[in-house]
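Take a look at the structure below.
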Amino acid sequence: MFDITVRRATADDSKRLTRLVRASRAYRGDYASMVDGYQVGGAYIEHHPVFVAVDGSGRVLGFYALLVDEAELDLAFVADAAQGLGIGRLLMEHMAGEARAAGLASVRVVAHPPAEEFYLRTGAVRTGTVPPTGRIHWARPELRYDVA
């Protein structure tokens, strides 16, 4: 595998992260409404711990956002072209370390249904189901990473 670095995102990463979210193959068809017009704003990045995985040339391969006050993983995306390379697992391991450093015992995840298997493979446990709400017309799996 090539050289990968995980670093804190900055507001300057906003457009690249937004493009990554909107281009995700996982959000095609029925799920497209979840990312239609979605933006990972600079203020959001500056306010929350958002970390990006980049390759040696600085290309963003994936990212995650941890809401420390809510003990929740808010966003986690890996670029379509980088899937299957261990980037997601690297980001979840990094997230767990950041959560521990923040004093959290666990981190909640409300998952995109096709992503549930990924979260289970990387150590999350299923805790329930979140019913449809707003423009999300399907139930979503609720999971938890125990990080303490």
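None of these values were measured; they are calculated from a predicted model. Excluded from the calculations below are hydrogen atoms, water molecules and symmetry mates; all remaining heavy atoms, backbone and side chain alike, are included. Along the sequence shown, residues are numbered consecutively beginning with 1.
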**Request:** Hey, could you give me each pair passing salt bridge (charged side-chain N to carboxylate O under 4.0 Å, His left out) that has a residue in residues 82-104? Not counting sequence neighbours.
**Result:** none
**Request:** Please test Leu73 against Met95 for side chain to side chain contact (heavy atoms under 4.5 Å, CB included), starting from the C-alpha separation and ending with a verdict.
**Result:** CA-CA 8 Å; Leu73 180 66; Met95 179 277 300; 4.0 Å; yes
**Prompt:** Ignoring hydrogens and geometry, is there a side-chain-to-backbone donor-acceptor pair from Gln83 to Val78 under 3.5 Å?
**Reply:** yes
**side chain to side chain donor-acceptor pair (under 3.5 Å) partners for Ser14, two or more places apart** = none
**Message:** So which atom in Ala65 and which in Tyr44 form the shortest heavy-atom distance, rounded to 0.1 Å?
**Reply:** CB-OH, 3.2 Å
**Message:** Between Arg140 and Val109, is there a side-chain heavy-atom distance shorter than 4.5 Å?
**Reply:** no
**Request:** Test side chain to side chain contact (heavy atoms under 4.5 Å, CB included) on Val21 and Val40 and set out the steps.
**Result:** CA-CA 8 Å; Val21 169; Val40 183; 4.0 Å; yes
**Message:** For Ile4 and Val54: C-alpha separation, side-chain torsions, deciding distance, then whether side chain to side chain contact (heavy atoms under 4.5 Å, CB included) applies.
**Reply:** CA-CA 6 Å; Ile4 300 168; Val54 296; over 6 Å; no
**Request:** Only pairs at least two apart or in different chains count here, so list each salt bridge (charged side-chain N to carboxylate O under 4.0 Å, His left out) that has a residue in residues 9-24.
**Result:** Arg7-Asp13, Asp13-Arg16
**Prompt:** What pairs meet the salt bridge (charged side-chain N to carboxylate O under 4.0 Å, His left out) rule with one or both residues in residues 103-132, with sequence neighbours excluded?
**Reply:** Glu72-Arg108, Arg108-Glu142, Glu116-Arg126
**Item:** With Ser57 via side chain to side chain donor-acceptor pair (under 3.5 Å) - residues at least two apart
**Value:** Asp55
**Ser106 side chain to Tyr145 backbone, donor-acceptor under 3.5 Å** = no
**Complete:** The reported gap from CG in Leu91 to CG in Leu75 (rounded to nearest 0.5 angstrom) is 12.0 Å
**Complete:** Scanning both residues in full, the closest heavy-atom pair of Ala139 with Pro113 reads O-CG, 3.6 Å
**Fill in**
Taking every heavy atom of Ala99 against every heavy atom of Val147, the minimum-distance pair comes out as CB-CG2, 3.9 Å
**Message:** In the structure I gave you, are the side-chain heavy atoms of Val52 and Val6 within less than 4.5 Å of one another anywhere?
**Reply:** no
**Message:** For the CG atom of Leu61 and the CG atom of Leu85, what is their distance to the nearest 0.5 Å?
**Reply:** 8.0 Å
**Asked** How close do Val68 and Pro49 get, heavy atom to heavy atom, and via which atoms?
**Response** CG2-CG, 3.7 Å
**salt bridge (charged side-chain N to carboxylate O under 4.0 Å, His left out) partners for Asp74, two or more places apart** = none
**Path from Leu66 to Val125 over hydrophobic side-chain contacts below 4.5 Å** = no
**Item:** For Tyr119, side chain to side chain donor-acceptor pair (under 3.5 Å) partners two or more places apart
**Value:** none
**Fill in**
ring-ring contact (aromatic ring centres under 6.0 Å, His included) pairs touching residues 69-112, sequence neighbours excluded, are Tyr27-Phe77, Tyr27-His112, Tyr31-His112, Phe51-His94, Phe63-Phe77, Tyr64-His94
**Item:** Closest non-hydrogen atom pair between Asp80 and Ala23, with its separation
**Value:** OD2-O, 3.3 Å
**Item:** Hydrophobic cluster of Val110, others only, ordered by chain and residue number, side-chain cut-off 4.5 Å
**Value:** Val130
**Message:** With heavy-atom distances below 4.5 Å as the criterion, would you say the side chains of Leu17 and Ile45 are in contact?
**Reply:** yes
**Request:** Please report the closest heavy-atom contact between Leu143 and Pro141, naming both atoms and the distance.
**Result:** CD1-O, 3.8 Å
